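Heads up: the structure comes next, in structure tokens.
Just so it is clear, the model here is predicted, and its values are computed rather than measured. Counting starts at 1 for both ligands and their atoms, following the listed order. As a basis for the values below, the full set of heavy atoms in this structure was taken, side chains included, without hydrogen atoms, waters or symmetry mates.
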Amino acid sequence: MPMYSLLKNNNTIKMKKTLVLLIQFFALSLFAQDKISVIPFPNVLEEEKGEFQFCNSLTINLDKAFTSELNIISSTFSKTYGIKITTASNAKLVFIQNKQLEKEAYKLRVAPDNIVVDASTSTGCFWALQTLRQMMQVTAGGGYKIKACRIDDKPAYLWRGFLLDEGRNFQGKELVKKMLDQMALLKMNIFHWHLTDDQGWRIEIKKYPLLTKIGAWRDSTYIGWGDSLVYQSTVNGGFYSQADIKEIVAYATKRHITVIPEIDMPGHISSAVAAYPWLGAYNRKIKVPCTYGVKYDILDVSNPKVYQFIEDVLTEIIALFPAKIIHIGGDEVRYDAWRSNNGITALMKAEGLQNYADVQTYFINRISKMIEAKGCRMMGWNEVMGQAVNDFQEGENTTQTLAPKTIVQFWKGDPALYKEALRRGYDLVNSHSHYYLNSSYESAPVEKVYNLTLVPEGIDANLAKHVLGVECAIWGEVTPRVSDVYYYVFPRIAAFAELGWTNADKKNFIRFSRSMDKLTKIWDKEGIIYYDKKSK
Ligand code: ACM
């Protein structure tokens, strides 16, 4: 393209951008300050005249079905606002069980003299509480008001997830609980806990103590990517005891969040191989890697002892996590170690496997059977479909069929692969890497994330119903400190929350941006330092 036309295009783009900014500015100023701001935005909201006002105490009447919620309702009001909750039969805040509603749905009626919440389950009741929290405004006299309205709300998608990778950098219980609190505020219901990776094994397995004695620690950490050649030379690591895991799972359950554990295999598993070298297809002694990137020490999937190991590990995992879904990773498997392993060659011959993608599918399907026999369902990254989405897979595609009940988490490849997974009847969660939370804010700004289309064009409703929802992921290479997690996750997590909850036709980035103010005030109180382009 000649230079002058580039310039012309640039000028046109600049003018268009200015126009859009001006329109956004005027639209923002048209919104009255006291408009109801809730993220994710409720699917039906009608504002009414008046407001419900109260001071530092509130009477509440909870249907018996929701007794389990009393503590968390009281502590939510007292911790954030210093408001005392007392129960009373003629209360101002009333929660009624309405069995007509779906599991996560709720209705909220705010009138000047009372607030009535309808929900079918304690989950709906809890989500209504989160809406109320965000609707509270401080009055000039130091009390509180909630604008009168009618809300009929339920989520667009079942799966509204957040992934935390602690394989690369261990963060600890305090951060995890903080994240669960923020997920709850945003009505996100799936905490995907990436507990193992090449650089660290983070969960105690009683039968294999070396997994954490050795696998949870590395001698140093390479700083950054590429060839910085700078290492932080301190020992790095940590892990969760089984008691810690139970504590976190209980904390999440109280917030109506399901914890999905991920034990990545057959690749991304050097930390386990460092602990037990016979697990690896090279059967060699290694140290827990101090650098990032996709490593070569993958499982020897021709060794019966490896299957026994996985069976033992999964038995302990399934006993700890009430979720009926176990994530087995399955991503980014470098086949090099299999190519040079006689056992793998013999396995291929015995099972009629034509290439290494077939070996991967054979392994994944065996693990799926194991998981199903324990009453659970397997989930994996989209490599479990057996298509070569990574350069190092050298175009090898599987000739085998992935176990039918697998949940496929789509992170890499074009929409044709996404469509193919749906066409073949797999349930799917959208986590495309172009929207990863560890991306820079230049490459994945909030607006781009907000405008992600969960179901690509050309997919009809019949197939679209297999899209369970959306999950945002923060990978640990960029988060050596808790403050790094906050920086990358906030505020983009709010855009993902709305993607998962609010129907596409109700989304509006201007309204969303205006409402962020409400959330940032809460994050400020919680000590969460979020990315703010103004202060950058
Ligand atoms: C992935 O990012 N390797 C799932």
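Among Lys305, Lys207, Lys206, the single residue meeting the salt bridge (charged side-chain N to carboxylate O under 4.0 Å, His left out) criterion with Asp312 is Lys207.
Nearest protein neighbour of atom 3 (N) of ligand 1, counting heavy atoms only, is Asp331 OD2, 2.7 Å. Looking only at heavy atoms of the protein, atom 2 (O) of ligand 1 is closest to Tyr436 OH, 2.7 Å.
Looking at Glu471 and His192, their side chains do bring a donor and an acceptor atom within 3.5 Å of each other. Asp198 and Ser270 share a side-chain donor-acceptor pair at under 3.5 Å. Side chains of Asp358 and Thr399: a donor on one and an acceptor on the other come within 3.5 Å.
Of the N or O atoms in Trp381, none lie within a sub-3.5 Å distance of an N or O in ligand 1.
For ligand 1, the atoms lying closer than 4.0 Å to a non-hydrogen atom of Glu332 are 3 (N).
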